[in-house]
Novice: 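Supplied in structure tokens, the structure appears directly below.
Because only heavy atoms are used, hydrogens play no part in the values below, and waters and symmetry mates are left out as well, while side chains stay in. Per chain, numbering begins at 1; letters A, B, ... match sequence-line order.
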Amino acid sequence: MPELPEVETVRRGLAPHLTGQIVTGVVVRQPRLRWLVPDELAAQLPGQTIRRVERRAKYLLLRTDAGTAILHLGMTGRLRLLPAATPLQKHDHVNLALANGQCLRFNDSRRFGALLWTTEPPEQHPLLQALGLEPFDAAFSSAYLRQRAQGRTSAAKAFIMDSHIVVGVGNIYANEALFAAGINPLRPAGQLTEAECDRLAVAIREILTEAIRQGGTTLRDFIGGDGEPGYFQQSLRVYDRHGVPCVACGQPIQRCRVGQRATYYCPRCQR
DNA sequence: AGTGCGGCCTGTCCGC
DNA sequence: TGCGGACAGGCCGCAC
């Protein structure tokens, strides 16, 4: 389940192989992803050189002189670089052929992913334009969180998972960050103290940094751009551990729901 | 404006 | 063993 560290891992794995490559062909076998893959992608991308492979939030951006492909992995999306002749697999929806004889395959069983094309600066695209701060942006601070949380009644967990506040924090890392910060996920965001916001900002950055270092979290589906799984699942301290003793105090980890999402926390360590 | 929920998908797991 | 149903989840889009 790709969150920011997984997408960044894919980006780092692919960038050296894609940068400078010419796209020679685009085949869309299944255009019905989260949104329809636009015809302009197959019309305008072939012949273009991939100048840069970037990430904004959980979106991957393949920048060319003619436009930018915007790619989202959704829940189950995978990108793999393969020899062009590699037989297709189930759920291989899009194939980008490259001039060097390789191809980039987008496989997504649940089709929550997306592949779009824009000729505008991608940061102006409706999907990217209203996004909140990157967690590694210098402006992402205790003061920023406190200011954005002001007056909010929604749960702290929903707050940090809101991509209009801070991007890239999905369910796994939201649980882990709140544990690291000692904050109960149900606490109303507007009631967080300055010290708590400080711990939360630090925890989000630390958890994401460590997860990127370990190549992401592989639960079921995730593989990085180099085909390797991630290893952060070994570092999870609360996610999917209900009933297991807390690593800090031994109290059983509790599970509840916040906004339809499975939520795990230690009732003693997180107040 | 903020909040909460439905819906999109399919693979996996559970109980019968 | 087979089958149906619940569940997982990012995130938009809608209703309140």
Novice: Is there a donor-acceptor pair closer than 3.5 Å between any side-chain N or O of A/N175 and the backbone N or O of A/N171?
Specialist: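 Such a contact is found between A/N175 side chain and A/N171 backbone.
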Novice: How do A/A158 and A/R111 order along DNA chain B: which one's closest nucleotide is nearer the 5' end?
Specialist: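 The 5'-side residue here is A/A158.
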Novice: So which heavy atom on A/Q251 is nearest to which on A/P267, and how close?
Specialist: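 Between these two residues, the closest heavy atoms are CG-CG, 3.9 Å.
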Novice: How close or far is atom C1' of C/dG10 from atom CG of A/D108, stated in whole angstroms?
Specialist: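 Value for this atom pair: 11 Å.
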Novice: OP1 or OP2 of C/dG9 versus the side-chain N and O atoms of A/T76: is any pair under 4.0 Å?
Specialist: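 No, A/T76 has no side-chain N/O under 4.0 Å of OP1/OP2 on C/dG9.
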Novice: Could you please name the partner base of C/dG2, counting Watson-Crick and G-U wobble pairs only when both distances are under 3.5 Å?
Specialist: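 When the pairing criteria are applied, B/dC16 turns out to be the nucleotide that pairs with C/dG2.
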Novice: Output yes when at least one side-chain N/O atom of A/K90 is less than 4.0 Å from OP1 or OP2 of B/dT10, else no.
Specialist: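 A/K90 to B/dT10 OP1/OP2: no side-chain N or O under 4.0 Å.
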Novice: Would you mind classifying the nucleic acid contact of A/R148 as base, sugar-phosphate or nothing, using non-hydrogen atoms under 4.0 angstrom?
Specialist: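 It contacts nothing in the nucleic acid.
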Novice: In whole angstroms, how far is the C1' atom of B/dC5 from the CG atom of A/D162?
Specialist: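 In whole Å, B/dC5 C1' and A/D162 CG are 15 Å from each other.
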Novice: Between A/L186 (CG) and B/dG4 (P), how many Å, whole number?
Specialist: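 Distance, rounded to whole Å: 11 Å.
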Novice: OH of A/Y239 versus C1' of C/dC7: gap in Å, rounded?
Specialist: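 It works out to 11 Å between those atoms.
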Novice: Do A/V167 and A/V202 share a hydrophobic cluster (ILVMFWY, side-chain heavy atoms under 4.5 Å, transitive)?
Specialist: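 No, because A/V167 and A/V202 fall into different hydrophobic clusters, even though each may have its own neighbours under 4.5 Å.
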Novice: To the nearest Å, how far apart are A/D240 CG and C/dG9 C1'?
Specialist: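 Interatomic distance, CG of A/D240 to C1' of C/dG9: 13 Å.
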Novice: For B/dT3, take OP1 and OP2 only and decide whether either is under 4.0 Å from a side-chain N or O of A/S154.
Specialist: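 The answer is yes; a side-chain N or O of A/S154 sits under 4.0 Å from OP1 or OP2.
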Novice: If I compare all heavy atoms of A/I212 with all of A/E8, which pair ends up nearest, and what's the gap?
Specialist: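 Closest heavy-atom pair between A/I212 and A/E8: CD1-CG, 4.0 Å.
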Novice: Looking at A/Q44, A/E40, A/H125, which one forms a side-chain hydrogen bond (donor to acceptor under 3.5 Å, both in side chains) with A/W117?
Specialist: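 One option only clears the test, and that one is A/Q44.
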Novice: One character per nucleotide, please: for nucleotides 11-16 of chain C, 5' to 3', B when the base has a protein heavy atom closer than 4.0 Å, S when only the sugar-phosphate does, - otherwise.
Specialist: BS----
Novice: If I take atom CE in residue A/M75 and atom P in nucleotide B/dG11, what distance separates them, rounded to the nearest angstrom?
Specialist: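 So the two atoms are 13 Å apart, to the nearest Å.
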Novice: Round to the nearest Å and state the distance from A/R152 atom CZ to B/dG2 atom C1'.
Specialist: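 The distance from CZ of A/R152 to C1' of B/dG2 comes to 7 Å, rounded to the nearest Å.
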Novice: Does A/H91 have a side-chain nitrogen or oxygen under 4.0 Å from the phosphate oxygens OP1 or OP2 of B/dC9?
Specialist: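 No, because none of the side-chain N or O atoms of A/H91 sits under 4.0 Å from OP1 or OP2 of B/dC9.
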Novice: Measure from CD1 on A/I165 to C1' on B/dG2 and round the result to the nearest Å.
Specialist: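 Rounded to whole Å, this separation is 10 Å.
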Novice: For A/D137 and A/R205, which heavy atoms make the closest approach, and how far apart are they?
Specialist: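 Taking A/D137 first and A/R205 second, the nearest heavy atoms are O-NH1, 4.4 Å.
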Novice: For C/dG9, does either OP1 or OP2 sit under 4.0 Å from a side-chain N or O belonging to A/Y173?
Specialist: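 Result: no.
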Novice: Decide yes or no for A/L4 and A/E134: does some side-chain heavy atom of the first lie under 4.5 Å from some side-chain heavy atom of the second?
Specialist: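 Yes; the side chains approach each other to less than 4.5 Å.
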Novice: OP1 or OP2 of B/dG6 less than 4.0 angstrom from a side-chain nitrogen or oxygen of A/Q260, does that happen here?
Specialist: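 For B/dG6, OP1/OP2 do have a side-chain N/O of A/Q260 under 4.0 Å.
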